[in-house]
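Just so we're on the same page: letters track the sequence lines, and every chain starts at 1. It should be emphasised that the depicted structure is a prediction, and the values quoted were computed from it without experimental measurement.
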Amino acid sequence: MESSSFPWLSFIVFVPLVGALLLLFLDRRYHTLLRWVALVTMLADLVGGIVVYWMFDTSSGAMQLSEFHRWVPSWGIAYKLGIDGISLFLIMLTVLLGPIVILASWKDIQNRVKEFLVCLLVLQTGMIGVFLSMDLFLFYVFWEVMLIPMYLLIGVWGNPARKLYAAIKFVLYTIVGSLLMLAAILVLYFMAGQATGVYTFDLLKLYDFHVPLQAQFWMFLAFFLAFAIKVPMFPFHTWLPDAHTEAPTVGSVVLAAVLLKMGTYGFVRFAIPLFPNAAIDATWWISVLAVIGIIYGAWVAMVQVDVKRLVAFSSVSHLGFVMLGMFSFTMQGVQGSILQMINHGLSTGALFLIVGIIYERRHTRLIADFGGISKVMPAFAVFFMIFTLSSIGLPGLNGFVGEFLILLGTFRVHPWYAVIAASGVIFAAVYMLWMFQRVMFGKITNPKNLGLKDLSAREVVVLLPLLAFVVWIGVYPDTFLKPMEPAVKKFIERVETKRAAVIKIENARKLTVTNSGLKLTLSGRGLTTDR
Amino acid sequence: MVPLQNYLILSAALFTLGVIGVMVRRNLIVILMCLELMLNAVNLTFIAFARYLGSMEGQIFVLFIMVVAAAEVAVGLAIAVAIFRQKGSININDINLMKW
Amino acid sequence: MSDLVWLIPLFPLIGCALNGLIGRRWPEKIIGWIGSAAVGASFVVAASIFLELLGMDPGSRSVETNIYTWILSGQLNVPIGFLVDPLSVVMMMVVSGVGCIIHVYSIGYMAGEVGFRRYFTYLNLFVFAMLTLVSANNFLLMFVGWEGVGLCSYLLIGYYYEKKSASDAGKKAFVVNRVGDFGFLIGILLIFVTFGTLNFTGVFAAAPDKLTHGGTLVTLITLLLFVGATGKSAQIPLYTWLPDAMEGPTPVSALIHAATMVTAGVYMVSRLSLLYAMAPVSMTVVAVIGGATAVYAATIGITQFDIKRVLAYSTISQLGYMFMACGVGAFASGIFHLMTHAFFKALLFMAAGSVMHALSGELDMRYMGGLRKKLPYTHLTYIFGTLAIAGIFPFAGFFSKDEILFFAFERHWAFWALGAIAAIMTSFYMFRSVFMTFYGESRVTPEAAKHLHESPPIMTIPLVILAILSLVGGLVGIPIFAGLNRFGDFLAPVFAPAQAILHGAHAEAGHHEITLELGLLAVSLAIAIGGFFLARWMYITDPSVPDKVISEYPDLHEMVYHKYWVDEIYDVLFVNSIVRFSRFLWKAFDDAVIDGIVNGVAGAMRGWARGLRRVQTGLVKDYALSILFGVLLVIGYLVLR
Amino acid sequence: MKELIFYALGAVTLASAFLVVLLRRPLHNVLFMILTMIGLAGLFVSLHAEFIAMVQLIVYAGAVMVLFLFVIMLLNLDQLHTQEGPRGLRWWAGALIAVSVAGLIVLGFKYLAPRPIPPMERIAGINNTALLGRELFTTYLLPFEVASILLLAAIIGAVILIRKQS
Amino acid sequence: MIPVPEVNLGGILPALVLCIAGLVVIGAGLFVPRGKLTYTALISLVGIIIAFMANSHLRYMNQSAFAGLVVLDPYGWFLNIVILTAVGLTILMSVRYLADEGMQLYEYFVLLLFASAGMMFMVSANHLLMIFVGLETLSISIYILAGIRPGKPRSQEAALKYLLLGGFASGIFLYGAALLYGSAGSLSLPVLAEYCQKWDMSLMAKAGMGLLLVGFGFKIAVVPFHMWTPDVYEGAPTPITAYMSVGVKAAAFAAFARVFFESFVGVEVSWAIILWVIAAVTMIVGNVAALVQENIKRMLAYSSIAHAGYILIGMVAGREAGVSALLYYLLAYTFTNLGAFAVVVLVGRKGEANVMIDDYRGLAKAHPLLALAMAIFLFSLAGIPPTAGFVGKFSIFTAAVKAGYIWLVIIGVLTSAVSVFYYFRVVMKMYMEVPDTEPSALQFAPGTVVALVIAAVGVVYIGIFPTVYLNLAAESVKTLF
């Protein structure tokens with residue numbers, strides 16, 4: 001593998017952590033200083049990200065800028081990073097959001113600022129690490145690491161009413177899934193090890209291993225659970241509204257913009273390529289769940305009384321699109337779903353910022369408490385409107401491109417899912433515009449809303465970059481589609497070829513009845529060679 | 001000549017009596033005695049085996065068991081006395097400050 | 001020149017950007033004129049392209065220009081590209097031309113409004129979207145414009161956002177349009193799956209061999225697209241948003257809900273004339289829906305008192321006309337009527353606006369009357385518009401409408417009948433509005449009467465221009481005498497393939513015996529005049545008649561007056577039921593079932609935990625017992641196994 | 001002859017052990033415990049473990065049980081023998097389980113291969129005690145030493161546990 | 001002429017050193033005035049450090065000594081390290097505690113040292129007699145230590161319960177030994193192994209094995225032999241609880257593994273299944289019961305039961321992988337749990353006050369670093385990376401999957417998901433809740449702080465760079481098979 005002279009990937013992974021350590025040594029009373037340090041750290045990270053983007057070769061679908069260091073050689077665990085067209089923009093999104101969340105929390109968070117910033121920075125490291133890890137063990141470590149700061153963000157700085165419930169709910173939901181995934185990872189590790197003789201957690205090596213069908217099914221199930229909870233897909237979504245509602249603004253922003261993507265990213269990077277047959281066999285019910293999620297999320301969002309809850313449910317709906325596109329296994333579908341991850345990150349993240357801005361002024365999230373805001377906050381109204389439109393997929397803004405590609409890709413393979421999903425577009429318009437109307441339009445009924453200040457310079461700075469990308473992706477998506485194309489092509493090919501190969505192997509095995517499938521029995525020893 | 005089984009069964013019976021005693025008696029001192037009974041049963045087993053195997057190991061083991069038994073009794077009685085000082089009772093059922 | 005077509009949508013966009021981004025401090029005049037100038041510039045470009053086209057020979061009057069690749073994914077390749085051909089040029093000219101006039105008018109009409117700048121920003125944005133729609137060379141870009149105009153109409157209808165009714169109307173418009181767009185979108189997907197491309201030219205080229213005449217696929221595609229059309233062009237069953245849309249400022253109604261946006265559906269159908277021609281079923285559906293809407297809307301129009309609503313329903317009815325035209329295969333006539341309608345309906349709305357303006361916002365015709373003295377220009381121009389829409393010779397409407405009626409008759413007399421009925425009702429309620437507004441004794445409320453005044457020239461001049469247009473606009477397409485129908489001939493190449501499919505190789509439009517044509521002309525003229533006299537009798541000669549009629553058939557009137565309660569039915573059927581069901585899902589499923597299970601598991605755990613605590617009695621004997629129990633199990637397993 | 005001795009001693013031991021568990025007065029318990037010890041000592045002798053038998057008498061019957069007796073007297077526990085309650089479910093459950101465990105174990109004894117009993121000479125030319133001593137101080141030297149640590153710990157413990165709160 | 005036995009003092013040097021240190025402390029105790037515990041503590045620490053050094057050469061030995069009663073091998077070496085670490089940290093955190101509790105007893109250290117010596121004999125024993133003696137040495141010392149708080153009913157009760165049940169358990173253990181003796185003719189592990197391999201075990205031997213298993217099961221506190229644990233852990237002095245939870249467990253597990261893998265070879269299937277069930281039940285009961293505990297010592301007691309279950313998985317999985325995982329887990333668990341208890345000691349007040357979980361509310365505000373340390377330990381207990389606890393669980397599960405015990409692993413992961421709830425509950429109290437009363441400032445005793453820091457660093461370090469220790473563990477078990 002080629003390795004770049006300077007380990008840029010490690011750089012962007014660990015700069016935030018270094019910043020966090022630095023913060024630990026600073027006096028907790030100098031809030032501004034702390035904030036500036038954090039901001040500078042995030043900016044450095046952003047710069048690193050830009051460098052990575054600049055060094056990235058858009059024409060190749062291979063892992064790039066890879067780094068490799070032995071970690072636990074006896075178990076074939078390595079510190080292995082790599083980036084390709086699929087993770088590239090998720091990384092970009094993450095590093096872009098870094099400074100934004102610091103800025104956004106500038107006034108919002110006033111108690112225990114130090115811990116807060118540390119949490120954010122550690123979280124940043126965890127998230128970037130997840131997107132870059134090319135080693136299952138490493139991936140799992142980052143996956144769990146970023147759990148804790150998020151838990152603290154919700155639990156410490158959330159709003160007192162139900163924050164504890166929300167926090168622990170978030171953690172337990174995630175843990176259950178990820179622990180089962182851990183079990184599956186181990187099984188995979190040994191199956192591959194015994195089949196090939198090399199025991200390794202190296203993802204790329206494991207890609208080349210063909211898991212027997214029955215085993216695939218179980219492992220895929222475990223991975224599915226872990227990722228589906230994170231996404232969250234339809235029946236596993238109930239942690240999301242609570243987490244979003246109770247978390248502080250930036251918590252919701254990061255949660256919506258990046259954390260949810262880990263689920264979808266997990267599918268495209270791990271679950272599907274590792275277990276293609278199981279994945280393709282699962283297409284129909286996953287698609288059904290996704291479609292249900294789209295409609296269900298939209299409908300339930302429609303009747304929410306709390307802005308944040310509404311946006312949370314809209315996330316359920318949007319990520320349904322992402323899943324649907326991914327499981328179409330068509331160029332447009334997959335590209336669309338990856339693009340839609342970014343879109344959702346931008347627009348929903350922005351929406352949470354928006355909500356945070358009025359929450360900061362009014363300390364309520366109930367739609368009923370607002371109304372007529374656009375009279376007192378015109379500039380705010382403009383931003384709000386644009387992000388709303390981007391979230392309901394108005395052509396010319398980012399949302400549309402992604403949704404259209406997804407629908408197109410899906411329509412090509414199973415039209416009916418696409419048709420039903422497309423109806424979600426209608427409901428999206430309904431709930432978002434209705435919410436917008438109730439918040440922004442009408443006469444100001446509540447005297448408290450009269451004195452509201454319009455956006456401050458800082459808030460504009462926070463929102464502008466997101467706005468820029470929202471428009472950019474809408475008008476010239478090629479910038480984003482081109483680099484991911486080779487990787488996506490490779491993804492689809494890998495799924496297809498591997499699937500075919502496994503089927504061939506299975507047929508061969510059927511002839512010779514030496515079935516070395518998983519024995520899920522009590523005293524199995526099905527996998528051991530040393531007995 | 002007495003078959004080995006007889007000794008073993010006898011010791012088993014003693015052991016069982018000791019066990020039952022530990023479980024049903026409430027007087028701390030008596031419970032300690034029942035523990036002793038258990039150990040003595042074990043001793044009998046060891047000696048019997050030693051005899052019938054014709055090896056010394058069993059007897060040695062019995063010596064150590066006696067040592068330990070004595071030590072345990074010493075400590076146990078000490079605790080018993082301390083507790084009696086505290087609450088004026090050595091009914092084992094009264095000694096459950098900590099539960100659940 | 002035609003490669004500069006991208007300038008046409010660009011100018012309004014620039015205007016929008018200028019006003020929107022840096023126009024905060026500017027005075028109204030500058031903002032207004034920038035907006036108008038931007039659209040004017042587009043008109044100039046469009047006109048010059050038009051002239052250029054005239055220069056070419058009819059066969060080659062179709063130029064495509066791609067700016068850049070918009071979306072490229074797999075074999076999906078969507079350019080930002082424009083198509084210049086007679087049809088699009090006509091549309092561009094209409095849109096930019098009428099748009100420009102209305103912009104100018106707005107400067108006067110909106111003077112002193114709080115959101116003046118916002119208004120012009122939106123308006124320019126709208127023109128941009130509309131021009132994109134009509135000039136796009138592929139479905140997706142067209143869809144962009146399609147949704148764009150929907151957005152702008154949402155914004156402009158909700159312009160007075162502090163009025164709940166206004167923002168409601170805006171939302172309703174957008175959502176109902178979305179319902180249509182849903183069909184449109186599916187149609188596009190189906191087209192891509194069928195043809196592998198979304199470019200018009202590509203699709204048309206491949207259509208003959210990819211599709212079979214009258215096949216299911218083409219029928220499905222065309223019908224789906226038509227769903228989109230019904231949404232945008234307010235046809236049955238998706239027309240309900242248009243009347244409410246009158247909440248917006250009057251110029252908006254004139255521009256968006258009369259002249260341009262609502263005609264997008266008609267444009268789309270005729271743009272895809274080829275596909276429709278291949279699907280007779282769809283043609284019939286289009287024709288029937290169109291005819292039905294024409295009559296249906298007209299009936300409602302008769303009973304309304306709000307002048308703008310009268311015009312709104314008449315718009316719906318006229319749009320029905322156009323669709324009927326397309327449905328019977330007379331695409332050119334449809335477009336022709338679209339143009340003329342743009343002139344006179346815009347005129348009527350703006351005149352009505354000027355009346356409102358004069359009466360400080362009064363819309364109810366029952367509080368008007370006898371205004372012709374006070375508002376001479378408005379009165380005159382309104383009359384012009386009325387004559388045009390009623391189809392009185394030689395006004396614009398006369399030619400376009402009669403052409404449609406003629407072709408309808410050719411297709412099937414029933415269509416003609418529908419058209420005729422609609423026509424008489426049209427002329428009736430239009431003249432009714434004229435009489436109620438400008439004639440009879442004044443019923444104006446005193447305080448409104450105090451400052452009753454004719455509008456400033458900035459408003460009246462556009463009226464006059466449009467009045468002239470609606471007088472002479474029809475002359476470009478005199479139907480009867482082949483050769484004089486320049487408009488038809490100009491558009492002919494666009495529709496040639498469709499016509500070829502429709503009536504075989506031999507016949508083409510305008511080849512039929514004069515006598516029938518003249519006969520129909522006479523009849524419809526008679527109808528129009530009949531409508532006039534009926535109205536005159538009921539509202540001038542004997543004003544008590546209407547009430548008599550009403551008391552004669554109270555239920556009928558009730559029903560019609562309340563628009564057949566369609567809105568209410570829709571609310572019950574869709575809106576409320578879905579909302580209620582969603583609440584149910586939220587409370588009963590999300591909170592009760594899923595979270596119920598989740599928390600239930602947690603609760604169960606706690607329950608077991610408490611149970612386990614109870615076992616921990618703190619009594620040594622119990623602990624010994626449990627140990628012994630363990631012994632029993634272990635030994636038992638080992639010995640008895 | 002040997003059988004007779006065995007059964008006699010066995011009967012005494014068992015009976016007294018039974019009474020240890022049954023009788024309610026601690027004093028009686030101690031006395032019957034001593035009787036049990038003596039019986040066992042007898043059995044040990046019958047198994048040619050004379051030294052062990054001696055230790056049994058001296059250490060157990062002598063020292064340990066006297067210690068018990070001493071404590072009972074000291075705390076004057078003999079009066080409060082009423083504390084033993086009725087025999088509840090626990091009692092029977094415990095007894096049942098214990099008996100069944102014993103049953104299982106005894107089941108194991110059935111299959112013991114009857115071994116020829118080696119004559120004492122096989123164990124050693126010299127007598128049992130000497131042999132024991134040698135074994136203890138050669139092979140089992142280490143545990144013997146460790147036992148001293150154990151006893152030391154026990155002594156320290158007894159001292160600090162018994163002392164009054166300072 | 002009596003043959004002189006070969007005496008290899010070098011082999012048992014670490015244990016010897018501890019015994020001597022203990023005796024020295026006794027001697028010093030006579031002169032050092034009460035209340036000057038620091039000196040005695042220092043003496044003990046010096047002894048421990050010397051023992052560390054004396055231990056180092058065991059790593060490369062593999063021989064039996066003292067007529068085959070003990071075997072000197074890396075296995076013992078590794079566990080000696082664990083034990084010495086445990087006792088060292090315990091002594092460090094004890095000094096201030098004893099002062100606070102007003103019990104200036106040098107005997108305390110003596111007993112700790114003796115107990116540790118007993119453990120060492122136990123882990124390197126090669127003969128059930130040796131194991132028994134070592135076991136009883138440590139048990140009796142612990143009985144006393146548990147009840148050492150003068151006139152504290154809870155402490156005495158703890159001691160009593162531990163003693164009675166411990167005696168009961170050793171009775172069972174001995175009976176098992178007796179039965180095995182009867183079958184095999186000797187109790188030295190090699191002989192037992194020979195017996196098991198040559199003939200298939202007689203029912204009596206099997207019963208004996210079962211009783212032995214129960215005896216060990218009691219010491220490592222697995223269901224259903226665990227019931228003493230919560231009470232004793234709650235009542236005993238906190239440092240002693242800490243010591244019990246790691247030291248005794250480690251020693252018992254070590255002996256357990258040695259006996260069963262060295263002697264009962266060829267019959268693994270029969271006992272592995274029992275351990276399978278026990279492990280499963282233990283994980284479930286331990287974790288579930290911990291959910292509703294209010295006293296942190298009691299909560300940690302249940303958690304230690306649960307962890308015994310996880311460690312047991314290592315034994316079920318068996319062979320090198322399983323046992324080395326077990327060793328690594330013991331090491332990780334030693335650091336983690338001692339650290340946690342060190343925090344409990346620091347937060348605790350005179351008379352074992354402030355041991356309720358609610359007393360930890362707002363700790364993060366008052367003492368951020370202390371709270372951070374506690375959080376790290378709790379995360380490690382919950383098995384969240386990058387901590388030692390995670391690597392430990394990971395290696396255990398790896399071994400289990402390797403051996404094909406998928407379901408056991410699934411039970412394991414699900415139960416540890418449950419455990420997250422009560423561990424995070426403490427984090428929640430520390431970080432997200434406010435105390436209703438203003439907490440009085442804690443005084444940070446140097447010893448305790450040192451122990452805390454060592455533990456924290458250890459947890460994080462061997463969590464992030466586990467390679468070395470995993471390899472060591474792997475090497476240490478080689479001689480076992």
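- Note: C/L628 CG to D/L96 CG = 10.0 Å, rounded to the nearest 0.5 Å.
- When the shell of 6.0 Å around OH of C/Y570 is examined, it contains more than 12 heavy atoms from other residues, nucleotides or ligands.
- Neither the backbone nor the side chain of C/I627 has a heavy atom closer than 4.5 Å to any heavy atom of chain D.
- Contacts of D/L107 with chain C are made by side-chain atoms alone, with heavy-atom separations under 4.5 Å and no backbone atom involved.
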Quiz item: Can C/V639 and D/I105 be said to form a side chain to side chain contact (heavy atoms under 4.5 Å, CB included), step by step?
Solution: CA-CA 8 Å; C/V639 172; D/I105 293 167; over 6 Å; no
Exercise. Show your working on side chain to side chain contact (heavy atoms under 4.5 Å, CB included) between C/L632 and D/L104 and close with a plain yes or no.
Key: CA-CA 8 Å; C/L632 180 63; D/L104 287 168; 3.8 Å; yes
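- Looking at C/L640, the atoms closer than 4.5 Å to chain D (heavy atoms on both sides) all sit in the side chain, from C-beta outward.
- The local environment of CZ in C/F589 is crowded, with over 12 non-hydrogen atoms from other residues, nucleotides or ligands closer than 6.0 Å.
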